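Read through the structure below, which is laid out as structure tokens, and then see the notes.
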Amino acid sequence: MLEIASKVHDESRQGEAFAPNAVADKQFKKHFYIESYGCAMNFSDSEIVASILNTEGFGATKNSDEADLIFLNTCSIRDKAEQTIRKRLTEFRVIKKQKPGLLIGVLGCMAERLKAKLLEEEKLVDLVIGPDAYRSLPSLIQEAETGQKAVNVLLSRDETYGDISPIRLNSNGVTAFVSITRGCNNMCSFCVVPFTRGRERSRDAYSIVAEAQDLFNNGYKEVTLLGQNVDSYIWMDEQNDKSITFAKLLEMVALISPELRVRFSTSHPKDITDEVLFTMSKYENICKCIHLPVQSGNTRVLELMNRTYTREWYISKYNRIKEIMPDCSVTSDMIAGFCTETEEEHNDTLSLMELCRFDYSYMYYYSERPGTLAERKLEDDVPELVKKRRLQEIIDVQSRLSRENNQLDLGKTYKVLIEAESKKDSSDWKGRNTHNKVLVFPKGEHQFKAGDYVMVKVNKVTQGTLLGEIVSTQNS
Ligand code: SAM
Ligand code: SF4
Ligand code: F3S
């Protein structure tokens, strides 16, 4: 595990089996089991898939043994992600042998990247469905039930699934993802996403607000607005003849209730605007945390990556955030050992990290992806051992920064949204503060529940968690 934290947009999240009920619901004639891999957008898509299947009479199950359909919602971001899926498919081969009627479907980015080739490579797979083709699932399942292999990997310019109410899977009943854009128009040279997810499109702002309102009405207290590049959200409100920017959308969601927290991910340094920063600072319930991936701290490497900003641009954006919101947490992504990166250029990444003092980062070593600009135009010439060593240096710096930043929280009191009981100790609550940091604290004598806000004073810290005690409440 290379990442040091497990938060939104963590591609290390793998294989969580999602289902609302532990046992198959008898009202459904058939059951599906779904495992999701990759980024938060994929997890969010699984909830759309569940909704489409539900209306067709398929209930979700957490137990693959009682499923008539098994889906893997896949990720292609790095080679390792695809290898994990291949291994999982091998395991399903055993189940399929014992249950010949069982259908196995591959959804998501790997389905899109490999298309029908996946059926040749993985003989047990019956369905291959790309991220924009989930509405065709019912007819493809019917096709597959007759023994044919079914494929739909058409990408769309306008599909947003905006009218579909996702079925919340494995939910804590407090926090939820809401997709606001699909696809990506950037062409970062290392990245497979523009090929697997297609062109960027923004979802109807009113359907986003309605979904967030509905979540709030059902007891949810936090929504995370999702997109590969949320700052480029733009939707034309034709009825009122005005376009809605990301800043405006943020405000619309924040106004649902001061009790509803709003987060978003991911921001691109070239697109995040002052308007967004001022909107964040205006509303207490918009969390003060920006995930702003830098990828590299060296301008030449950033240019090769086609990130369209320089080291200096990134630093000035970072400074602007701190100027408008001194207390805003900034987090990042880094790639070690990109094509032709020198030792000196790698050191620029380390020095930028020291300068920005990120609260946490997702860190990877470069993995060449077929079809990307880098694969076609650049040489993947940094030896694997060097990539891994550089990555370790990046991880070491980040671990220290996270620890040091957490030390600064000692003695501070934060408003915490309780998410659930701590997995380690049921006498503790687990929640997050505005900075998306996890706090664990004793339940004590107080009668709180998940979804309540409490004030927690930090009295101990580790690299990944703040430990504290309840000092007063927000709800009472
Ligand atoms: N759209 C976001 C952005 O631009 O920052 C995130 C995109 S991607 C789903 C998440 C992270 O995976 C990227 O920020 C990058 O650090 C990493 N990544 C993408 N392609 C990669 C590759 N080929 N090798 C290693 N890491 C990669
Ligand atoms: Fe990939 Fe770049 Fe788009 Fe992010 S912004 S999804 S890294 S192409
Ligand atoms: Fe997400 Fe992986 Fe696709 S990171 S967009 S599931 S390639």
Side-chain angles (χ1 to χ4, degrees), residues 7-9 40 177-181 184-186 200 202-203 205 208-209 212 222-235 242-258 260-295 297 302 307-334 352-353 355-362 401 405 408-409 412 414-415 417 432-437:
K7 305 245 170 83
V8 167
H9 231 94
F177 294 139
V178 175
S179 288
I180 65 163
T181 65
C184 184
N185 281 355
N186 294 323
E200 183 185 277
S202 298
R203 179 179 164 192
I208 295 169
V209 175
E222 182 182 297
V223 290
T224 302
L225 307 180
L226 291 180
Q228 291 298 351
N229 180 6
V230 285
D231 304 282
S232 63
Y233 176 91
I234 186 93
W235 183 75
K242 60 175 186 195
S243 52
I244 294 180
T245 61
F246 179 57
K248 182 71 196 148
L249 178 73
L250 254 185
E251 180 167 55
M252 287 161 73
V253 179
L255 284 171
I256 289 174
S257 165
L260 180 71
R261 273 188 171 176
V262 189
R263 299 188 188 277
F264 55 90
S265 186
T266 300
S267 288
H268 195 295
K270 79 172 161 59
D271 290 321
I272 189 163
T273 59
D274 273 9
E275 197 195 355
V276 168
L277 302 180
F278 284 122
T279 307
M280 284 179 78
S281 73
K282 184 171 168 192
Y283 294 96
E284 189 269 341
N285 58 328
I286 303 181
C287 291
K288 305 299 177 279
C289 179
I290 300 179
H291 188 56
L292 196 71
V294 65
Q295 314 297 0
L302 285 169
R307 287 292 288 183
T308 70
Y309 54 83
T310 60
R311 174 188 172 92
E312 290 69 33
W313 169 279
Y314 185 92
I315 293 170
S316 67
K317 205 43 107 174
Y318 173 87
N319 289 337
R320 187 72 179 140
I321 293 170
K322 292 286 178 177
E323 202 179 310
I324 296 172
M325 290 172 289
D327 189 36
C328 188
S329 164
V330 180
T331 61
S332 196
D333 290 356
M334 258 79 67
L352 183 133
M353 292 173 73
L355 215 100
C356 297
R357 303 193 64 83
F358 300 121
D359 273 328
Y360 67 86
S361 296
Y362 298 117
L401 291 175
N405 287 353
L408 297 175
D409 285 326
K412 288 189 185 160
Y414 286 110
K415 181 177 172 182
L417 173 60
R432 282 171 210 267
N433 67 5
T434 186
H435 301 139
N436 210 21
K437 287 191 184 179

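By convention here, the first residue in the shown sequence is residue 1. Because only heavy atoms are used, hydrogens play no part in the values below, and waters and symmetry mates are left out as well, while side chains stay in. In this text, all values refer to a predicted model and were calculated from it rather than measured experimentally.
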Do side-chain atoms of Thr434 reach the backbone of Lys288 as a donor and acceptor pair under 3.5 angstrom?
yes
Nearest atoms (heavy-atom pairs only) where Ala212 meets Ile256:
CB-CD1, 3.5 Å
Roughly how far, to the nearest 0.5 Å, is CD of Glu312 from CG of Leu302?
9.5 Å
Would you indicate whether the side-chain heavy atoms of Thr245 and Glu275 approach each other to under 4.5 Å?
yes
Decide yes or no for Lys437 and Asn405: does some side-chain heavy atom of the first lie under 4.5 Å from some side-chain heavy atom of the second?
yes
Please answer whether the main-chain N or O of Ile272 pairs with a side-chain N or O of Lys317 as donor and acceptor at a distance below 3.5 Å.
yes
Under a 4.5 Å cut-off applied to non-hydrogen side-chain atoms, are Glu251 and Tyr283 in contact?
yes
Run the side-chain contact (heavy atoms from CB on, under 4.5 Å) test on Glu222 and Leu260 for me, step by step, so that the C-alpha distance in whole Å, both residues' side-chain angles and the decisive distance to 0.1 Å come before the verdict.
CA-CA 5 Å; Glu222 182 182 297; Leu260 180 71; 5.5 Å; no
About how many Å separate CG of Leu401 and OG of Ser332, when rounded to the nearest 0.5 Å?
11.5 Å
Got a donor-acceptor contact below 3.5 angstrom from the Tyr318 side chain to the Cys356 backbone?
yes
Could you walk me through whether Ser267 and Asp231 pass the side-chain hydrogen bond (donor to acceptor under 3.5 Å, both in side chains) check?
CA-CA 6 Å; Ser267 288; Asp231 304 282; 3.0 Å; yes
So, taking the atom named CE in Met334 and the one named OH in Tyr362, what distance separates them when rounded to the nearest 0.5 Å?
11.5 Å
So, does Arg311 use its side chain to make a donor-acceptor pair with the main chain of Gly297 at under 3.5 Å?
yes
Side-chain donor/acceptor of Asn185 to backbone N/O of Glu200, under 3.5 Å
yes
Side chain of Thr331, backbone of Ser361: donor and acceptor closer than 3.5 Å?
no
Beyond-backbone contact of Phe246 with Ile234, side-chain heavy atoms, under 4.5 angstrom:
no
Ile315/Tyr309 under side-chain contact (heavy atoms from CB on, under 4.5 Å): CA gap, chis, key distance, verdict
CA-CA 10 Å; Ile315 293 170; Tyr309 54 83; over 6 Å; no
His268 side chain vs Lys270 backbone, donor-acceptor pair below 3.5 Å
yes
Once rounded to the nearest 0.5 Å, what's the spacing between atom CG of Asn229 and atom CG of Asp271?
4.5 Å
Can you check whether Phe177 reaches Val223 side chain to side chain, under 4.5 Å on heavy atoms?
no
Got a second to check how far Tyr360's OH is from Asp333's CG, nearest 0.5 Å?
9.0 Å
When you measure from the side chain of Asp359 to the backbone N and O of Ser329, does any donor-acceptor pair fall under 3.5 Å?
no
Below 4.5 Å, heavy atoms only, C-beta onward: do Asn436 and Arg263 meet side chain to side chain?
yes
Show the nearest heavy-atom pair for residues Met280 and Cys287, with the distance to one decimal.
CE-O, 3.3 Å
Which atom names give the shortest non-hydrogen contact between Cys328 and Lys322, and what distance separates them?
O-NZ, 2.7 Å
If you define the side chain from C-beta out and look only at heavy atoms, does anything of Val178 sit under 4.5 Å from Arg203?
yes
Between Asp327 and His435, is the side-chain hydrogen bond (donor to acceptor under 3.5 Å, both in side chains) condition met? List the steps.
CA-CA 9 Å; Asp327 189 36; His435 301 139; 3.2 Å; yes
Please find out if less than 6.0 Å separates the ring center of His291 from that of Phe264.
no
Taking the side chain from Trp313 and the backbone from Thr308, do they hold a donor-acceptor pair closer than 3.5 Å?
no
Does any N or O in the side chain of Arg307 come within less than 3.5 Å of the main-chain N or O of Val294, such that one atom is a donor and the other an acceptor?
no
Answer whether the closest heavy-atom distance between the side chains of Leu292 and Ile321 falls below 4.5 Å.
yes
Could you measure the distance from the OG1 atom of Thr181 to the CG atom of Leu226? Nearest 0.5 Å is fine.
8.5 Å
What closest approach, in Å, do Val230 and Ser265 show between heavy atoms, and which atom pair accounts for it?
CG1-O, 3.5 Å
